[in-house]
A.B. asks: 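Let me begin by handing over the structure; questions about it come next.
All figures in this text were calculated on a predicted structure; none of them were measured in a lab. Below, each value reflects all heavy atoms present in this structure, side chains not excepted, and no hydrogens, waters or symmetry copies. Naming convention: chains lettered A, B, ... in sequence-line order (proteins, then strands); numbering from 1 in each chain.
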Number of protein chains: 2
Amino acid sequence: MTVRPTDTKEEILRLGTELIQVYGYNAFSYADISKELDIKNAAVHYHFPGKEDLLAGIIDQYIQRYKELGEKINAPGITAKQKLDVFISRYTDLCEQNKICIIGSVCSDYNTMPESVKAKLGELIEMVLGMVEKVLQQGKKNGELDFPETARVKSLLIMTNLAAGVQLARITGKKDYMAICKSIIDQVST
Amino acid sequence: MTVRPTDTKEEILRLGTELIQVYGYNAFSYADISKELDIKNAAVHYHFPGKEDLLAGIIDQYIQRYKELGEKINAPGITAKQKLDVFISRYTDLCEQNKICIIGSVCSDYNTMPESVKAKLGELIEMVLGMVEKVLQQGKKNGELDFPETARVKSLLIMTNLAAGVQLARITGKKDYMAICKSIIDQVST
DNA sequence: AAAGCCACTTACTAAGTAGTAAGTATTTCC
DNA sequence: GGAAATACTTACTACTTAGTAAGTGGCTTT
């Protein structure tokens, strides 16, 4: 009804995600967020008492988005190859913005994190791997895709190619990343 | 001749490397190093004036070690497959110690680093990729290995599998990493 | 219209951060 | 034996960090 005012909490989540993808979890502070959003750091603490709570919120949001993506690609008329493209394009988007996958970013700091966050990260990864696995399985079954590995292992191979691919792209440039993407497609093509 | 006293500088480099691999670059401080080595933080600053200098030193040491590895595996009588195993076992060692590859670790914080360090990282990566590429090329030439991609692209695929593989292993366990390693070998086997 | 909640701000603290200037003990060189 | 270099320690500073307690203004509910 009324024009919704800027949702501060949403903005914090959005900016926090970006900061993790661009600079890393332990490289940004609440001050970075409050300055950018022109609020006081106490306002950030109001929504997320500790930095761990913010990280948990960010991961939760990610899980939510992947759930939505999962429903979206379950729509009829989408080929397995197209579904795979959707996943790849998510990483390509990151690459284009000089960002890296949040899982890979947070992984460096994994051992500085509380168990609750570690568990959430595990949940997120299993979900993503599970979705890719399902797509690969379907594609293999209907003859659209082919590969010698099991769908689970192939999903591990593809996801590690993509995750480390965007990391590598920061240093050696996008060309290497693009070559990786092409190979991923080629490897599963019939 | 005389018993060499503990080389403080070497110890700092060793511990710094470990801290990056275990906790990440932006997650450790000079205090962590000085406490562990039972010296004062000023002693760390004496050897490495700034944290960037320490990181540069660590990467330099890594480059040096890979150069040595390069000479070692150029010895006669070593098959391409064995050479590839040497690379893989380096990552398997990391995985066993719950560490991650220094390149992957530093990559999250890449955008917080000075150009000098970025350049060194690029040098390190090109070197490692170049070595793997050479091994693959040789193996393909003498019929020991086979793969559809170019040696360069295959080295990208293998290195991203390994780098992100050890990251993943932190969260989902070593089983996934082992499956990745097995697939890497299978994919290039004739 | 009073009471209460929400989303903040004001104002602060304790601890940790990288970094430095000056001093000291020990060895090395001439 | 004196000078200089090496490898530190002592003692500190300026700054940033996450985090908090108390207050405020506006909106809603009763």
Side-chain angles (χ1 to χ4, degrees), chain A residues 1-20 22-59 105-106 108-117, chain B residues 1-20 22-59 61 105-106 108-109 111-117:
Chain A
M1 288 206 250
T2 57
V3 176
R4 189 141 60 96
T6 343
D7 190 327
T8 306
K9 193 171 183 177
E10 284 291 309
E11 283 290 289
I12 295 170
L13 283 173
R14 185 194 56 74
L15 183 56
T17 303
E18 195 178 315
L19 288 168
I20 289 177
V22 177
Y23 301 108
Y25 176 70
N26 278 315
F28 80 90
S29 72
Y30 271 29
D32 294 324
I33 291 178
S34 57
K35 269 181 215 155
E36 176 75 24
L37 299 183
D38 201 33
I39 54 177
K40 302 297 158 184
N41 77 66
V44 187
H45 282 284
Y46 171 75
H47 291 288
F48 303 98
K51 212 178 166 184
E52 298 161 359
D53 301 298
L54 174 55
L55 181 57
I58 289 170
I59 298 172
S105 179
V106 164
S108 323
D109 309 282
Y110 188 73
N111 292 320
T112 71
M113 280 160 201
E115 291 305 317
S116 57
V117 171
Chain B
M1 283 198 261
T2 56
V3 176
R4 189 139 62 95
T6 342
D7 190 328
T8 305
K9 193 171 183 178
E10 284 291 309
E11 284 290 287
I12 294 170
L13 283 172
R14 184 194 56 75
L15 184 56
T17 304
E18 195 178 316
L19 287 168
I20 289 176
V22 177
Y23 301 109
Y25 176 70
N26 278 315
F28 80 90
S29 72
Y30 271 30
D32 293 324
I33 291 178
S34 58
K35 269 181 215 156
E36 177 74 25
L37 299 182
D38 202 31
I39 53 177
K40 301 298 157 184
N41 77 64
V44 186
H45 281 285
Y46 171 75
H47 290 289
F48 303 99
K51 211 178 166 184
E52 297 161 0
D53 301 299
L54 174 54
L55 181 57
I58 289 170
I59 298 173
Q61 200 184 48
S105 179
V106 164
S108 322
D109 309 282
N111 292 321
T112 71
M113 280 160 201
E115 291 305 317
S116 57
V117 170

A.B. asks: Near DNA chain D, counting only heavy atoms under 4.0 Å, which residues of residues 22-29 of chain A show up?
C.D. replies: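 Within this stretch, Phe28(A), Ser29(A) sit under 4.0 Å of the strand.
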A.B. asks: Does the side chain of Leu55(A) come within less than 4.5 Å of Ile20(A)'s, by heavy atoms?
C.D. replies: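 Yes, their side chains come closer than 4.5 Å.
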A.B. asks: With distance as the sole test, does Asn26(A) use its side chain to make a donor-acceptor pair with the main-chain N or O of Asn26(B) at under 3.5 Å?
C.D. replies: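 Between the backbone of Asn26(B) and the side chain of Asn26(A) there is no qualifying donor-acceptor contact (under 3.5 Å).
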A.B. asks: From dT17(C), dC8(D), dT9(C), pick the nucleotide closest to the side chain of Ala43(B)?
C.D. replies: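 Given the options dT17(C), dC8(D), dT9(C), the side chain of Ala43(B) is closest to dC8(D).
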A.B. asks: Within this structure, what is the CD-OG1 distance for the pair Gln61(B) and Thr17(B), rounded to the nearest 0.5 Å?
C.D. replies: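 Rounded to the nearest 0.5 Å, the CD-OG1 separation comes out at 5.5 Å.
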A.B. asks: Less than 4.5 Å apart, any side-chain heavy atom of Leu13(A) and any of Phe48(A)?
C.D. replies: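 Of all side-chain heavy-atom pairs linking Phe48(A) with Leu13(A), at least one is under 4.5 Å.
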A.B. asks: Apply salt bridge (charged side-chain N to carboxylate O under 4.0 Å, His left out) to the pair Glu10(A) and Arg14(A), showing each step before the final yes or no.
C.D. replies: CA-CA 6 Å; Glu10(A) 284 291 309; Arg14(A) 185 194 56 74; over 6 Å; no
A.B. asks: Which pairs of donor and acceptor atoms, one on a side chain in residues 34-43 of chain A, lie under 3.5 Å apart (sequence neighbours left out)?
C.D. replies:
residue	atom	partner	partner atom	Å
Ser34(A)	OG	Tyr30(A)	O	3.2
Ser34(A)	OG	Ala31(A)	O	3.2

A.B. asks: Any side-chain N or O of Tyr46(B) less than 4.0 Å from the OP1 or OP2 oxygen of dA7(D)?
C.D. replies: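 For Tyr46(B), the contact criterion (side-chain N or O under 4.0 Å from OP1 or OP2 of dA7(D)) is met.
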A.B. asks: State, with a plain yes or no, whether a side-chain heavy atom of Met113(B) is found less than 4.5 Å away from one of Tyr25(B).
C.D. replies: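 Contact flag for Met113(B)/Tyr25(B) side chains = yes.
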A.B. asks: Both Lys35(B) and Ile39(A) contact DNA chain C. Which one's nearest nucleotide lies toward the 5' end?
C.D. replies: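 In this pair, the answer is Ile39(A).
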A.B. asks: Can you confirm whether more than 12 heavy atoms, excluding those of Phe28(A), are under 6.0 Å from its CZ atom?
C.D. replies: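 Yes.
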A.B. asks: Write down the distance between CG (Asp38(B)) and P (dA7(D)), rounded to a whole number of angstrom.
C.D. replies: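 From Asp38(B) CG to dA7(D) P: 19 Å.
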A.B. asks: Go through dT17(C), dC8(C), dT10(D) for me and flag the one nearest to the Lys40(B) side chain.
C.D. replies: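 Closest of the options to the side chain of Lys40(B): dT10(D).
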A.B. asks: Rounded to the Å, how far apart are His47(B) NE2 and dG19(C) C1'?
C.D. replies: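 Whole-Å distance recorded here is 16 Å.
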A.B. asks: Base, backbone or nothing for each nucleotide of nucleotides 19-24 of chain D, written B, S, -, heavy atoms under 4.0 angstrom, 5' to 3'?
C.D. replies: BB----
A.B. asks: Strictly below 4.0 Å: does Thr8(A) bring a side-chain N or O up to OP1 or OP2 of dA7(C)?
C.D. replies: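 So the side chain of Thr8(A) is outside the cut-off, no N or O lying under 4.0 Å from OP1 or OP2 of dA7(C).
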